[in-house]
Amino acid sequence: MRTVMVTAPGRVEAVETEEPRAMGYPPEIFEVTDAIIEFQDKYTAIISDVIPVAEVKRGLELAGTPAATDKVVITFD
């Protein structure tokens, strides 16, 4: 995303900004992968929305809205 910022009279700067929607995986993810597979029913309980890739914009809006959702999964069916 590019944001234009006016810093002084007659001076315009372009600034690159990011909109992070999720953090990377912590190292522990590899230690619990087997448990995620074995206990899928427990982990699916935290998924609040499953969005098809055709509606990815809506999924990103949900994920970026505080308290609107728990976990959003984008599917590539």
Side-chain angles (χ1 to χ4, degrees):
M1 174 185 297
R2 185 173 293 266
T3 304
V4 176
M5 180 173 63
V6 178
T7 58
R11 185 172 172 197
V12 176
E13 293 182 16
V15 179
E16 294 289 331
T17 59
E18 290 185 32
E19 275 189 57
R21 298 288 192 212
M23 295 173 53
Y25 292 112
E28 298 84 20
I29 190 68
F30 302 108
E31 297 172 16
V32 298
T33 302
D34 291 336
I36 292 171
I37 294 168
E38 185 177 351
F39 303 107
Q40 289 180 34
D41 55 329
K42 292 181 181 181
Y43 290 95
T44 56
I46 66 171
I47 297 172
S48 58
D49 298 276
V50 178
I51 309 291
V53 71
E55 299 177 36
V56 70
K57 183 176 178 181
R58 183 169 70 91
L60 291 172
E61 289 169 353
L62 280 170
T65 304
T69 189
D70 287 322
K71 300 289 182 193
V72 176
V73 174
I74 307 294
T75 60
F76 295 87
D77 292 334

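All heavy atoms count here, side chains included; hydrogens, waters and symmetry mates do not.
Listed here is the closest heavy atom pair of T44 and D41: OG1-O, 3.1 Å. Considering every non-hydrogen atom in both T75 and V50, the closest pair reads CG2-CG1, 3.4 Å.
Under a hydrophobic-cluster definition in which Ile, Leu, Val, Met, Phe, Trp and Tyr are linked whenever side-chain heavy atoms come within less than 4.5 Å, directly or via other members, V73 and L62 are assigned to different clusters. Criterion: ILVMFWY side-chain heavy atoms under 4.5 Å apart, direct or through other members. Under it, F76 and V56 are part of a common hydrophobic cluster.
Separation of atoms CG (L60) and CD1 (I51) is listed at 10.0 Å; rounding is to 0.5 Å.
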